[in-house]
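Comments concern the structure below.
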Amino acid sequence: MEILHVSAECYPVAKAGGLGDVAGALPLYLNEAGHLAKLVMPMYRTKYLYSHSWDIVHKGYTNLGNRWFEFTVIKERTNELGFDLYLLDINGLLDREKVYGYDDDTERFTAFQIAVLDWVTAWQHQPDIVHVHDHHTALIPFMMGNCYKYVSLRHIPTVITIHNAEYQGWMGWDKSIYIPPWDMWNWGRLDWNNTINPLASGIKCASRVTTVSPNYLEELKTMSNGLEALFEYEKGKCVGILNGIDSNVWDPQTDKYITHHYSVNDFEAGKAKNKMELCERFNLDFQKPLISFIGRLVGEKGADVLPSVIGDSFWHIGRRMNFLVLGSGNHHTERELERMLEQASGDYAVYIGYNEALSHLMYAGSDFLLMPSRVEPCGLNQLYSMRYGTVPMVRRTGGLKDTVIDYEDEGGYGICYNHTSTGDISQGVFRAVELYRTKKKLNANRETMMKLDFDWKTSVQKYIEVYEQLIK
Ligand code: ADP
Ligand code: GLC
């Protein structure tokens with residue numbers, strides 16, 4: 001089968017979060033399973049672009065409403081990522097450093113999707129499946145099925161994967177002129193609550209919908225930022241498939257970002273060396289359990305409660321543990337976390353920003369990884385931390401519930417709690433401190449986690465089943 005993935009992110013080209021990791025791995029593992037998977041994404045001005053060689057494969061002209069624009073598609077020459085990687089450039093819209101966060105994101109991603117379909121229309125053959133990810137590419141199923149200029153693509157099945165239903169790409173009906181001519185009788189396929197809702201449209205129009213964990217799909221029926229009824233209505237075509245991890249990138253034996261490698265046979269010494277490096281760098285106490293947080297500092301991740309959890313833990317449990325936070329996002333949370341340094345330095349450190357290398361060192365060198373998420377469609381951090389023998393401390397939600405079993409339950413290894421509240425999380429911190437004291441139990445947990453299989457090889461088979469059902 002030939003599958004074309006369309007995504008706003010793809011590691012290592014451009015990554016803002018887990019979507020990038022998944023888009024960088026899924027096509028690779030599909031290819032390894034014997035299929036032909038390709039990926040097209042916007043040509044942001046990232047380091048990866050300038051450090052690789054490219055061939056121009058297509059040039060075209062098209063419109064975003066009244067705005068006429070030229071676009072270019074280039075392909076990475078060496079197939080370094082293990083699949084065909086295409087970047088699509090639109091001057092004035094996509095030629096920026098960052099992936100998201102611009103006032104004209106609606107225009108940027110709508111133009112990108114139109115240009116992708118213009119390009120695919122010009123191919124001499126057609127892909128078997130078009131697979132889109134999240135709201136930035138979710139208008140594609142509608143456009144393929146309804147726009148007159150894409151009538152030749154109408155029969156190609158589409159799959160949309162929902163990595164995060166909190167963001168839906170809402171745009172006013174005044175922007176409907178951006179979409180190439182279509183039969184206006186079908187306006188209901190774009191609409192949700194009187195606005196164009198790209199994610200809702202993707203769910204309505206795609207042949208199949210997947211979410212990144214089974215439990216998240218269940219939760220969406222009762223909590224999906226306004227789309228609950230739609231998920232209930234469309235449940236027949238939805239399936240939850242857990243993300244995998246790319247073991248070429250995330251392996252403590254070979255990780256290119258860390259110096260002290262280790263495996264399940266020598267993790268105690270290996271983790272200690274990485275922890276020492278972290279503690280020296282951030283002036284923390286090697287003897288105390290190190291509890292880390294890595295992620296976007298937003299409400300979804302529960303980042304706003306971190307300052308009070310840290311304060312509360314020191315107050316009630318004493319300075320018996322260290323905290324290290326890596327992240328960026330909400331400015332208020334960033335400032336609060338920096339302010340915590342005044343009262344807690346020596347036992348707490350924070351790095352505001354995005355730092356891929358540091359994140360790897362933290363997965364390797366921390367004892368525990370805190371994830372108090374309010375919403376977590378899958379969560380990759382807990383999967384990485386387990387692979388590196390670091391105990392995840394998670395709220396029972398979304399994919400966290402699917403992947404982490406509390407160490408006091410049968411077959412368990414992690415620490416679980418029910419609410420994103422200071423009380424619940426601090427109780428988790430207390431349990432972490434206790435677990436750290438019983439090294440034997442802690443090491444048994446580490447060993448169990450490091451042997452768990454969250455490899456893409458397993459998950460990718462489930463995507464293949466979905467595709468096969470569609471092209472039968
Ligand atoms: P989400 O996609 O919702 O942010 P995931 O758990 O799926 O959450 O994936 C987050 C990914 O982004 C992980 O690879 C994590 O290591 C990485 N990440 C998040 N914030 C940072 C940061 N500040 N620096 C480095 N990596 C980060
Ligand atoms: C989203 C979700 C996260 C998931 C990731 C990759 O960003 O928030 O939970 O792991 O996508 O699917």
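Numbering starts at 1 and runs along the sequence shown. Indexing begins at 1, ligand by ligand and atom by atom, following the structure's order.
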Legend entry - Ion pair check, D191 and K204, cut-off under 4.0 Å: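 Not counted as a salt bridge, because no side-chain N and carboxylate O are separated by less than 4.0 Å.
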
Legend entry - Salt bridge R374-D304, side-chain N to carboxylate O under 4.0 Å: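 Salt bridge between R374 and D304, a charged N being under 4.0 Å from a carboxylate O: yes.
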
Legend entry - N or O pair under 3.5 Å between E356 and ligand 1: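 No; the residue has no nitrogen or oxygen that sits under 3.5 Å from a nitrogen or oxygen of the ligand.
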
Legend entry - N or O contact, L380 vs ligand 1, cut-off under 3.5 Å: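 Such a contact does occur with ligand 1.
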
Inset, instruction - Can you measure from CD (Q168) to CD1 (I162) and round to the nearest 0.5 angstrom? - result: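 Rounded to the nearest 0.5 Å, the CD-CD1 separation comes to 9.0 Å.
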
Legend entry - Interatomic spacing from NZ in K401 to CG in N215 - rounded to 0.5 Å: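 Nearest 0.5 Å value for the NZ-CG distance: 5.0 Å.
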
Legend entry - G327: numbered ligand 1 atoms lying under 4.0 Å from its heavy atoms: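 It comes down to these atoms of ligand 1: 23 (N).
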
Inset, instruction - Heavy-atom contacts with Y363 under 4.0 Å: which atoms of ligand 1 show up? List them by number with element. - result: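 Taking each heavy atom of Y363 in turn, ligand 1 has 15 (C), 16 (O) under 4.0 Å.
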
Closest candidate by heavy atom, reference [atom], pool [options]:
atom                    : options              : answer
atom 20 (N) of ligand 1 : G295, G379, S373     : G295
atom 6 (C) of ligand 2  : N243, D134, T211     : N243
atom 8 (O) of ligand 1  : K301, E300, M371     : K301
atom 4 (C) of ligand 2  : G20, S373, A23, G379 : G379

Inset, instruction - Scan R296, R395, R396, K301 and name whichever one has a salt bridge (charged side-chain N to carboxylate O under 4.0 Å, His left out) with E376. - result: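 Among R296, R395, R396, K301, the one meeting salt bridge (charged side-chain N to carboxylate O under 4.0 Å, His left out) with E376 is K301.
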
Quiz question: by atom type and distance under 3.5 Å, do the side chains of [X] and [Y] form a donor-acceptor pair?
X    : Y    : answer
E9   : Y11  : no
H131 : Y467 : yes
D312 : T422 : no

Legend entry - Residue E97 excluded, over 12 heavy atoms near CD under 6.0 Å: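 For E97, atom CD is not crowded (no more than 12 foreign heavy atoms under 6.0 Å).
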
When you measure from [atom] to every protein heavy atom, which one gives the shortest distance, and what is it?
atom                    : result
atom 10 (C) of ligand 1 : N381 OD1, 3.5 Å
atom 2 (O) of ligand 1  : G18 N, 2.5 Å
atom 24 (N) of ligand 1 : N355 N, 3.0 Å
atom 23 (N) of ligand 1 : G353 O, 2.9 Å
atom 18 (N) of ligand 1 : Y354 CE1, 3.9 Å
atom 4 (O) of ligand 1  : R296 NE, 2.8 Å
atom 12 (O) of ligand 1 : K15 CE, 3.7 Å

Inset, instruction - Using distance alone, decide if ligand 2 has a nitrogen or oxygen within less than 3.5 Å of any nitrogen or oxygen in C378. - result: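 By distance alone, the answer is yes.
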
Legend entry - Nitrogen or oxygen of E376 less than 3.5 angstrom from that of ligand 2: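 Right, the criterion is met.
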
Inset, instruction - Please find out if less than 6.0 Å separates the ring center of Y100 from that of H136. - result: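 Ring-ring flag for Y100/H136: true, centres closer than 6.0 Å.
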
Enumerated ligand 2 atoms positioned under 4.0 Å from heavy atoms of [X]:
X    : value
V212 : 12 (O)
N164 : 8 (O)
V22  : 6 (C), 12 (O)
G18  : 5 (C), 6 (C)

Inset, instruction - Over 60° means perpendicular and under 30° means parallel, so classify the ring planes of Y363 and Y388, tilted if in between. - result: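 Because their plane-to-plane angle lies in the 30° to 60° range, the rings of Y388 and Y363 count as tilted.
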
Inset, instruction - Pick one of side chain, backbone, both or neither for how D21 approaches ligand 1, counting any non-hydrogen atom pair under 4.0 Å. - result: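 For D21, the contact with ligand 1 is made by the side chain alone.
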
